[in-house]
Participant: 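There's a structure below that I have some questions on.
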Protein chains: 2
Amino acid sequence: MVGDRKQQILDIAAELLQTRVFSAFSYQDIADRLGITKAAIHSHFRTKEALGNALLEQYLEKTVNLYSEAESAGDTAWDRFNAFVAGLVRSIIDENKTCPITLLQVEHNVIPESMQKGIRKILSMDKAWLTKILKQGRDEGEMFFWGTPEDQASLILATVQGALMAARAGSVEMLEKTMAQITKSMQAK
Amino acid sequence: MVGDRKQQILDIAAELLQTRVFSAFSYQDIADRLGITKAAIHSHFRTKEALGNALLEQYLEKTVNLYSEAESAGDTAWDRFNAFVAGLVRSIIDENKTCPITLLQVEHNVIPESMQKGIRKILSMDKAWLTKILKQGRDEGEMFFWGTPEDQASLILATVQGALMAARAGSVEMLEKTMAQITKSMQAK
DNA sequence: GTCTATAGCGGGATAGAC
DNA sequence: GTCTATCCCGCTATAGAC
């Protein structure tokens, strides 16, 4: 009847994932919000694994878009870095949400292998992109950190994910403070 | 028959929590490993919520012990800091495990309120303890960071949790590198 | 393509035997 | 205190109507 039911389902699933975890939402939850039976969801996504992979594809696309957006935000590494972090934080909106990739990473051992693969792909893209930016920042003489850009990228990704996650049990204010703290730590030597 | 069944159950539950997530293990999983029926578990922990709270009590105790251990490791802030971080990393052992508090924090919206309270308690203790150590380190002129010790404590906790979590989808080697990176970032100005 | 009815299984939890 | 048999519910998934 609607035609883009598939997208509606994806949108609701995305929200449920971000406010709970993958293991803790069901087809029933989605069906309830659409006023249909859970079996109807299976017409669009035969298994929950398929739904999960569709979500991951969507995140992959969003991630790539965020890189473009960050690179359009300015020419300096700092411009790009700040736009990237802001983009991640923006995806949270309220304190009950958190980064979907972080969530799925936590559930790594509990979800189907096809999904694990999708998660690792996005995580490695993030790391590669951030490494590139940090290298640029160091070359420009504007970013300061120890060791390789790659190690620093791991550090920052861990911090950002940890902070996005902590925002759930704590406050969003805290999140912004923590992000600011990362920035400061690289601003001067 | 055994007498310390309760502790056996707790130990298995702790391991299941760390390798999965709270939502994704069941009484059945525990019962299977003990060769009894899941109903028997209910004799020891009437609800899963009760089991979760018992786990949290155990973690609280371990956390307090880790503070003592860290403070016995030496008199300087660095001695204590390193012992603390090492203690957290030690609890991981293999790459399929992660920090239980991190896990429960992620599931904050999905677990009973009594457990949420326990989690927040441990998290705030960690933050308070680490803030104290960072203040000491700054006063000694040995630790360098921007802003308040409290903000830096948030940053470090987020990083550690993020890194412990990332170790699950990635490698433990990476974890150690990331930890080393945190340390380096505070060693010189 | 979109949906309902229903199966089949596994979840947490209770009653009650020992 | 320790356990089994059992209940009821919600889960994912299939069959088949429209």
Participant: Between C:dG11 atom C1' and B:I30 atom CD1, what is the distance in whole Å?
Facilitator: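 Answer to the nearest Å: 13 Å.
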
Participant: What is the distance, to the nearest angstrom, from the CG atom on B:D4 to the C1' atom on D:dT2?
Facilitator: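 Taking CG of B:D4 and C1' of D:dT2, I get 13 Å after rounding.
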
Participant: Both A:F22 and B:G35 contact DNA chain D. Which one's nearest nucleotide lies toward the 5' end?
Facilitator: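 Result: B:G35.
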
Participant: A:K38 and A:D29: salt bridge (charged side-chain N to carboxylate O under 4.0 Å, His left out), yes or no, with the steps?
Facilitator: CA-CA 8 Å; A:K38 58 188 170 169; A:D29 295 319; over 6 Å; no

Participant: Sort and list the pairs that fulfil salt bridge (charged side-chain N to carboxylate O under 4.0 Å, His left out) and have at least one residue in residues 131-149 of chain B, not counting sequence neighbours.
Facilitator: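 Every salt bridge (charged side-chain N to carboxylate O under 4.0 Å, His left out) pair that includes a residue of residues 131-149 of chain B, provided the two are not neighbours, is B:E71-B:K132.
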
Participant: Is a side-chain N or O of A:Y59 found less than 3.5 angstrom from the main chain of A:G118, in a donor-acceptor match?
Facilitator: no

Participant: Can you tell me how far P of D:dC11 sits from CD of B:Q28, to the nearest Å?
Facilitator: 19 Å

Participant: I need a per-nucleotide contact map over nucleotides 13-18 of chain C, read 5' to 3'. Cutoff is protein heavy atoms under 4.0 Å; write B for the base, S for backbone only, - otherwise.
Facilitator: BB----

Participant: Is the charged tip of B:K6 near the ring of B:F45: under 6.0 Å from the six-membered ring centre and within 45° of its axis?
Facilitator: yes

Participant: Contact between A:F144 and A:Q187 at the side-chain level, heavy atoms closer than 4.5 Å - yes or no?
Facilitator: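 The answer is no, as the side chains (C-beta and beyond) never meet within the 4.5 Å cut-off.
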
Participant: Tell me: CD1 of B:I36 to P of D:dA5, nearest whole Å?
Facilitator: 13 Å

Participant: Tell me whether the OP1 or OP2 atom of C:dG10 has a side-chain N or O from B:S26 closer than 4.0 Å.
Facilitator: no

Participant: Nearest whole Å is fine: how far is C:dG11 C1' from B:I41 CD1?
Facilitator: 14 Å

Participant: Could you tell me whether B:T37 contacts a base, only the sugar-phosphate backbone, or nothing, with contacts defined as non-hydrogen atoms closer than 4.0 Å?
Facilitator: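 Base contact.
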
Participant: To the nearest Å, how far apart are A:H44 NE2 and C:dT4 P?
Facilitator: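 About 10 Å, once rounded to whole Å.
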
Participant: Could you list the residues that satisfy side chain to side chain donor-acceptor pair (under 3.5 Å) with B:S23, not counting sequence neighbours?
Facilitator: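 Expected list: B:E107.
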
Participant: Distance check needed: D:dT12 P versus A:D32 CG, whole Å only.
Facilitator: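 After rounding, the reported distance stands at 12 Å.
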
Participant: With distance as the sole test, does A:D151 use its side chain to make a donor-acceptor pair with the main-chain N or O of A:G147 at under 3.5 Å?
Facilitator: no

Participant: Specify the separation, in whole Å, of atom NZ of A:K6 and atom C1' of C:dG1.
Facilitator: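 A:K6 atom NZ is separated from C:dG1 atom C1' by 10 Å.
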
